[in-house]
Amino acid sequence: MASEDVVGKSRGDTAVTTIVNLAEEAKLAREGVKAPGHQVLTICKSLVAGGVAGGVSRTAVAPLERLKILLQVQNPHSIKYNGTVQGLKYIWRTEGLRGLFKGNGTNCARIVPNSAVKFFSYEQASKGILWAYRQQTGDEDAQLSPLLRLGAGACAGIIAMSATYPMDMVRGRITVQTEKSPYQYRGMFHALGTVYREEGFRALYRGWLPSVIGVVPYVGLNFAVYESLKDWLLQTNPLGLAKDNELHVITRLGCGAVAGTIGQTVAYPLDVIRRRMQMVGWSHADSIVTGKGKEALQYNGMIDAFKKTVRHEGFGALYKGLVPNSVKVVPSIAIAFVTYEVVKDVLGVEMRISD
């Protein structure tokens with residue numbers, strides 16, 4: 001969901017976010033790099049490393065991501081995808097290898113602009129929140145607490161998500177269309193132009209509200225679960241996971257995976273509603289959405305979408321696609337971590353994984 005786009009700068013971020021956290025790099029640049037040109041170069045290298053890591057990890061789990069979206073929006077009167085294994089086999093049989101990766105190019109194209117906007121937004125939000133905090137406490141030497149960093153990260157995530165949301169919107173439609181679709185979007189720019197021309201500018205932001213609302217449970221739970229789990233491991237030290245009152249990076253990655261999975265599960269219904277709202281107004285909606293002889297439901301807003309989804313398909317419909325979404329968490333984290341470390345070494349970026 002927006003979960004992939006909304007990231008908080010805190011120790012409670014998911015492991016993937018911690019790995020590619022550009023805000024931490026800004027802090028390192030301010031503390032250790034004095035020359036402005038060098039600082040800009042370091043930031044650019046950070047963006048490249050994060051972009052490559054994100055692109056490789058997303059490509060590796062692209063089939064699961066596409067299946068998740070297909071399960072979220074398919075018409076209940078014409079079921080084609082019924083589970084993770086069956087769904088992947090069906091895509092392979094009907095669309096081949098390319099079908100498994102449909103929409104992945106647009107998904108990867110969002111990474112660098114999203115990270116760049118998130119990076120600069122976090123910097124500005126941090127400065128504003130820190131200034132307000134110092135004014136309130138009267139302490140000119142006060143620093144951001146984890147909770148305040150969480151707020152700054154949430155603000156940055158919302159701004160970055162909003163700036164790149166049209167790309168996510170058309171990505172959803174490109175992902176859903178099949179070879180038998182009556183009308184084909186030929187790519188991201190063609191889809192953006194077509195939606196704008198046929199449905200207007202507002203159509204590019206359908207589903208934006210549930211994405212923003214999803215920030216609160218997703219980021220909040222990530223922070224709470226990660227911190228609680230880490231504190232418990234430090235106190236009990238099962239299997240000797242803690243050494244010198246510190247957790248190994250792999251253990252922290254595991255904590256991040258658990259926290260991210262819980263956060264995504266709680267906020268998942270908002271992701272389903274977001275995807276369904278993105279399909280509204282699509283005159284050439286694929287048969288996946290409309291079904292055989294059936295029309296796709298029309299939604300008048302987020303609340304109406306929730307009501308109609310539960311009324312027509314039951315409460316369980318709000319969690320369609322949750323299984324493939326959860327399955328991709330661990331491999332995505334592992335691949336992103338390894339790729340980021342390799343690219344970081346190649347580019348010569350002096351970076352560290354924040355605690």
Side-chain angles (χ1 to χ4, degrees), residues 1 3-4 16 52-111 167-191 194 257 260-261 264-265 268 271-272 274-276 278-279 282 284-294 296 313 316-336 338-339:
M1 67 166 288
S3 67
E4 297 178 347
V16 173
V52 172
V56 172
S57 64
R58 292 186 187 194
T59 300
V61 298
L64 291 169
E65 178 66 18
R66 187 188 182 210
L67 177 61
K68 179 198 77 171
I69 296 176
L70 290 171
L71 289 170
Q72 287 177 331
V73 303
Q74 76 171 340
N75 192 297
H77 301 289
S78 182
I79 301 295
K80 294 183 179 180
Y81 307 95
N82 189 20
T84 303
V85 176
Q86 182 276 336
L88 292 174
K89 287 182 177 179
Y90 184 85
I91 295 174
W92 174 268
R93 187 170 64 253
T94 57
E95 301 181 65
L97 181 63
R98 290 184 61 185
L100 294 171
F101 293 90
K102 187 165 290 184
N104 183 59
T106 305
N107 193 25
C108 292
R110 294 167 47 236
I111 297 173
M167 299 172 70
D168 180 71
M169 190 273 186
V170 298
R171 194 259 295 200
R173 291 194 176 186
I174 293 173
T175 298
V176 167
Q177 70 181 10
T178 66
E179 300 300 326
K180 298 181 180 179
S181 299
Y183 182 82
Q184 294 284 334
Y185 292 123
R186 295 193 296 271
M188 180 180 69
F189 293 108
H190 178 252
T194 302
T261 301
Q264 287 184 71
T265 301
Y268 193 79
D271 189 47
V272 172
R274 170 178 68 128
R275 290 297 177 198
R276 294 193 168 202
Q278 289 176 348
M279 305 300 152
W282 188 8
H284 301 283
D286 182 74
S287 59
I288 300 299
V289 180
T290 58
K292 297 179 180 178
K294 301 286 184 179
E313 303 174 55
L318 297 175
Y319 285 91
K320 284 185 174 179
L322 179 62
V323 173
N325 187 64
S326 300
V327 169
K328 68 185 179 68
V329 171
V330 174
S332 178
I333 289 174
I335 294 169
V338 173
T339 305

- [ ] Return the minimal non-hydrogen interatomic distance between Gly172 and Ile69, and the atom names on each side.
- [x] O-CG2, 4.3 Å
TODO: Mind listing the closest non-hydrogen atom pair of Thr261 and Ser326 along with its distance?
DONE: CG2-OG, 4.4 Å
Open item on the list: Which residues pass the side-chain contact (heavy atoms from CB on, under 4.5 Å) test with Ala60, not counting sequence neighbours?
Closed with: Ile335
Task: Pro324 side chain reached by Leu71 side chain, heavy atoms, under 4.5 Å - done: yes
Task: Residues that Tyr81 engages under ring-ring contact (aromatic ring centres under 6.0 Å, His included), provided they are two or more places apart - done: Tyr90
Open item on the list: Whether the side chain of Arg66 engages the backbone of Gly103 through a donor-acceptor N/O pair (distance < 3.5 Å, no angle test) should be reported.
Closed with: no
Task: Pro331 to Val61 - nearest heavy-atom pair and separation - done: CG-CG1, 4.2 Å
- [ ] Please list, chain by chain and in numerical order, all residues satisfying side-chain contact (heavy atoms from CB on, under 4.5 Å) with Thr106, sequence neighbours excluded.
- [x] Val170, Arg171, Ile174, Met188
- [ ] Would you indicate whether the side-chain heavy atoms of Ser57 and Thr339 approach each other to under 4.5 Å?
- [x] no
TODO: Write down the atom of Lys102, the atom of Gln177, and the distance for their closest heavy-atom approach.
DONE: CD-O, 3.2 Å
- [ ] Please round to the nearest 0.5 Å and tell me the distance separating atom CG of Leu97 and atom CD1 of Ile91.
- [x] 11.5 Å
Task: side-chain hydrogen bond (donor to acceptor under 3.5 Å, both in side chains) partners for Gln74, two or more places apart - done: none
Task: Heavy-atom pair with the smallest gap, counting every atom of His77 and Asn75 - done: N-OD1, 2.8 Å
Open item on the list: Going by the rule side-chain hydrogen bond (donor to acceptor under 3.5 Å, both in side chains), which residues pair with Thr265 if we only count those two or more places apart in sequence or in a different chain?
Closed with: none
- [ ] Sequence neighbours left out, what passes side-chain contact (heavy atoms from CB on, under 4.5 Å) with Val327? Give chain and number order.
- [x] Leu64, Val323
TODO: Mind checking side-chain hydrogen bond (donor to acceptor under 3.5 Å, both in side chains) for Arg173 and listing every partner two or more places apart, or none if nothing turns up?
DONE: Tyr185, Glu199
TODO: Find out whether Lys68 and Asp271 are in side-chain contact, i.e. whether some heavy atom of one side chain is under 4.5 Å from a heavy atom of the other.
DONE: yes
Task: Shortest non-hydrogen contact from Leu322 toward Tyr268 - done: N-OH, 3.3 Å
Task: From CG (Leu318) to CD (Gln72), nearest 0.5 Å - done: 10.5 Å
Open item on the list: Under the rule for side-chain hydrogen bond (donor to acceptor under 3.5 Å, both in side chains), what residues qualify as partners of Glu313, not counting sequence neighbours?
Closed with: Arg276, Lys320
- [ ] With the side chain counted from C-beta on, respond yes when Val176 and Val289 share a heavy-atom pair under 4.5 Å apart, and no when they do not.
- [x] yes
Task: Arg275 side chain near Asp168 side chain, heavy-atom distance below 4.5 Å - done: yes
Task: Salt-bridge criterion met for Arg58 and Glu65 (N-O under 4.0 Å) - done: no
- [ ] For side-chain contact (heavy atoms from CB on, under 4.5 Å), just list the numbers for Thr175 and Asn107, CA-CA rounded to whole Å, side-chain angles, deciding distance to a tenth of an Å, and then say yes or no.
- [x] CA-CA 10 Å; Thr175 298; Asn107 193 25; over 6 Å; no
- [ ] Using a 4.5 Å cut-off on heavy atoms from C-beta on, say whether the side chain of Val329 contacts that of Gln264.
- [x] yes
